[in-house]
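Each chain gets a letter, A, B and so on, in the order the sequences are listed, and its residues count up from 1.
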2 protein chains.
Amino acid sequence: MADQTTAGSIRARVRAEMIDEIKTVARRHIAQEGAALSLRAVARELGMVSSALYRYFPSRDELLTALIIDAYDSMGEAAEAADAAIPDRTDVLARWVAVAHALRDWAVAQPHLYGLIYGSPVPGYAAPEDTIGPATRPVVVLGAIMADAKAAGRLDLETGAAPAIPAALRVEIDRVAEAVTMDVPAAVAARGLIGWTELFGAISFELFGRFNDTIDERRDWFDHQVRVMGAFVGLRG
Amino acid sequence: MADQTTAGSIRARVRAEMIDEIKTVARRHIAQEGAALSLRAVARELGMVSSALYRYFPSRDELLTALIIDAYDSMGEAAEAADAAIPDRTDVLARWVAVAHALRDWAVAQPHLYGLIYGSPVPGYAAPEDTIGPATRPVVVLGAIMADAKAAGRLDLETGAAPAIPAALRVEIDRVAEAVTMDVPAAVAARGLIGWTELFGAISFELFGRFNDTIDERRDWFDHQVRVMGAFVGLRG
DNA sequence: GCCGTGTCAAGAGCAGTGCTCTCGAATGTG
DNA sequence: CACATTCGAGAGCACTGCTCTTGACACGGC
């Protein structure tokens, strides 16, 4: 029994190392060539034949999915770390700015991975269930900041001029707010969602070349956006 | 001379029709399968052999480029038409909302084409010069609305609490504002760029599946965003 | 210690891709 | 009418993801 476990775990460990190695090489290939990942090229670099890879990943899409999940997790970790690095937990604006920059820095450092998860869906590839969990990590961080802001009395709850929200939509927004334990009026939660949308819209615009020959001061521009949107969502420094 | 012109134009016309037919089929294939466009499949459907297509497009990328340019133009036209359909030119908020919905409607109607132009760049494909002109049409429409708003005294120019803008960035923002003949302070122009970013961020989020299992009232949610952002950029209804 | 079992890599092969080149046929031009 | 240009077809190259079969290896139970 113990032997079996040991032996089994040895095998499993070797296997896990192989999987890691494949993912590492695949990640580097994606970093260089984008989403056009070639199994054969990965296998070549690993000194083995393409069919051998199928022992570890049942298809190219499964390998892509594994990389996507890792990417989501890595990005989420970056956001969480940046948030945790702000000592004054009530300085919600500083936390917002730090998390936003962490997300952008992560994306700029590995643009192709970002494109994989926030770009147009890969043809013939449907994101499986496993990805939705990790995918929510960044938005959870942003939601937590707003929740903390409200708790610290540093969230602007004024929504006087906001357009009305239809009932069915209000329910859905409330559900999202509840998911990130953000107990605020729907119009305020909506502002948070808008801030989230603008944030990733800005990163996508920059990475997908929308600012080519237009705005070169990318970091300054992003910083400005982030601070404006931080105020917009109601965070008070 | 007249004959030559006629004959030449006959040939040219046949050729142009062939090019149109190829693009139409290719567009339909993209609508069904996404960016993974197969020249051979297009040729098959046209009843000819793949190599024959190279008489009309020097490469697959050139065909994609042609489709991208058409898509930009089509989207820009949709935006311009929606703007022009608002009789009261000084009702800048209504124009903003109309244009935004037109852009989203266009994207929702042909999501794969939208992904082609606003999604992650296709691997190994670099957007050529020809695309930057048509690509600016939607933003020009939005800029014109802000410019008209200012002229009509319906643009909020208050920027008291806005974060400072570094000098180099201010120059670039001013240049963008100038390009859409929008003579406003940089902080106001920046708000416009942020609104533009949020607008396309919202469309991308919806089309790229970010709202799956979260927000189903897509049109209502978009409408709310658009109205909030219209007020944010300073448009007064 | 041997023998069955399960795991693994390799190779051949299929159907598909973009792209190039050559060759014959058609077609409009002088 | 004869010429030149244009066009479609076909073969072929190098590549892709994926499947199936084959042979080697190591591990675990008797």
**Student:** For B/Ala144, check side chain to side chain contact (heavy atoms under 4.5 Å, CB included) against everything at least two apart and list the hits.
**Tutor:**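 In terms of side chain to side chain contact (heavy atoms under 4.5 Å, CB included), with neighbours along the sequence ignored, B/Ala144 is linked to no residue.
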
**Student:** Rounded to the nearest Å, what distance is computed from the CD atom of residue B/Glu17 to the P atom of nucleotide D/dT6?
**Tutor:**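 Checked: the CD to P distance equals 18 Å.
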
**Student:** In whole angstrom, what separates B/Glu21's CD from D/dG8's P?
**Tutor:**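 Value for this atom pair: 11 Å.
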
**Student:** Please give, in whole Å, the distance from D/dT5 C1' to B/Arg15 CZ?
**Tutor:**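 Going from B/Arg15 (CZ) to D/dT5 (C1'), I get 12 Å.
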
**Student:** Under a 4.0 Å threshold between the charged nitrogen and the carboxylate oxygen, would A/Arg219 count as salt-bridged to A/Asp105?
**Tutor:**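 Salt bridge flag = yes for A/Arg219 with A/Asp105.
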
**Student:** Enumerate the protein-to-nucleotides 22-27 of chain C contacts in which both atoms are nitrogen or oxygen and the separation is below 3.5 Å.
**Tutor:**
none

**Student:** In whole angstrom, give the distance that lies between atom OH of A/Tyr56 and atom P of C/dT7.
**Tutor:**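 My rounded result for the distance is 12 Å.
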
**Student:** Looking at residues at least two apart in the chain, or sitting in another chain, which of them share a side chain to side chain donor-acceptor pair (under 3.5 Å) with A/Thr197?
**Tutor:**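 Checked A/Thr197 against side chain to side chain donor-acceptor pair (under 3.5 Å); zero matches.
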
**Student:** Show every salt bridge (charged side-chain N to carboxylate O under 4.0 Å, His left out) that has at least one partner inside residues 63-84 of chain A, sequence neighbours left out.
**Tutor:**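 Sorted pair list: A/Lys23-A/Asp70, A/Arg27-A/Asp70, A/Asp73-A/Arg137, A/Glu80-A/Arg137, A/Asp83-A/Arg89, A/Asp83-A/Arg95.
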
**Student:** Going by side chain to side chain contact (heavy atoms under 4.5 Å, CB included), name the residues that satisfy it together with A/His29, two or more places apart in sequence or in a different chain.
**Tutor:**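 Expected list: A/Val25, A/Leu37, A/Ala41, A/Val42, A/Glu45.
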
**Student:** What pairs of nitrogen or oxygen atoms, one from the protein and one from nucleotides 17-19 of chain C, lie under 3.5 Å apart?
**Tutor:**
| residue | atom | partner | partner atom | Å |
| --- | --- | --- | --- | --- |
| C/dT17 | OP1 | B/Ser38 | OG | 2.7 |
| C/dG18 | OP1 | B/Leu37 | O | 3.1 |
| C/dG18 | OP1 | B/Leu39 | N | 2.6 |
| C/dG18 | OP2 | B/Leu39 | N | 3.2 |
| C/dG18 | OP2 | B/Arg40 | N | 3.2 |
| C/dG18 | N7 | B/Arg40 | NH1 | 2.3 |
| C/dG18 | O6 | B/Arg40 | NH1 | 3.1 |
| C/dC19 | OP2 | B/Tyr54 | OH | 2.9 |
| C/dC19 | OP2 | B/Arg60 | N | 2.7 |
| C/dC19 | O5' | B/Tyr54 | OH | 3.3 |

**Student:** Would you mind reading off the distance between B/Leu53 atom CG and D/dT6 atom C1', rounded to a whole angstrom?
**Tutor:**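 Going from CG in B/Leu53 over to C1' in D/dT6 covers 16 Å.
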
**Student:** For A/Phe211, give me all partners under side chain to side chain contact (heavy atoms under 4.5 Å, CB included), at least two apart in sequence or on another chain.
**Tutor:**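 A/Phe211 satisfies side chain to side chain contact (heavy atoms under 4.5 Å, CB included) with A/Phe205, A/Glu206, A/Ile215, A/Arg218, A/Trp221, B/Trp196 only.
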
**Student:** Can you check the B/Leu46 CG to D/dC7 P distance for me, whole Å?
**Tutor:**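 The answer, rounded to whole Å, is 15 Å.
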
**Student:** Quick one: side chain to side chain contact (heavy atoms under 4.5 Å, CB included) partners of B/Val97, sequence neighbours excluded?
**Tutor:**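 If we apply the side chain to side chain contact (heavy atoms under 4.5 Å, CB included) test to B/Val97, skipping adjacent residues, the hits are B/His101, B/Asp223, B/Val226, B/Arg227.
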
**Student:** Using a heavy-atom cut-off of under 4.0 Å over every strand shown, decide if B/Phe57 touches base, sugar-phosphate, or nothing.
**Tutor:**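 Counting heavy atoms under 4.0 Å across all strands, no contact is made by B/Phe57.
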
**Student:** What residues, two or more places apart in sequence or in another chain, satisfy salt bridge (charged side-chain N to carboxylate O under 4.0 Å, His left out) together with A/Arg175?
**Tutor:**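 Scan of A/Arg175 (salt bridge (charged side-chain N to carboxylate O under 4.0 Å, His left out), adjacent residues dropped) gives none.
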
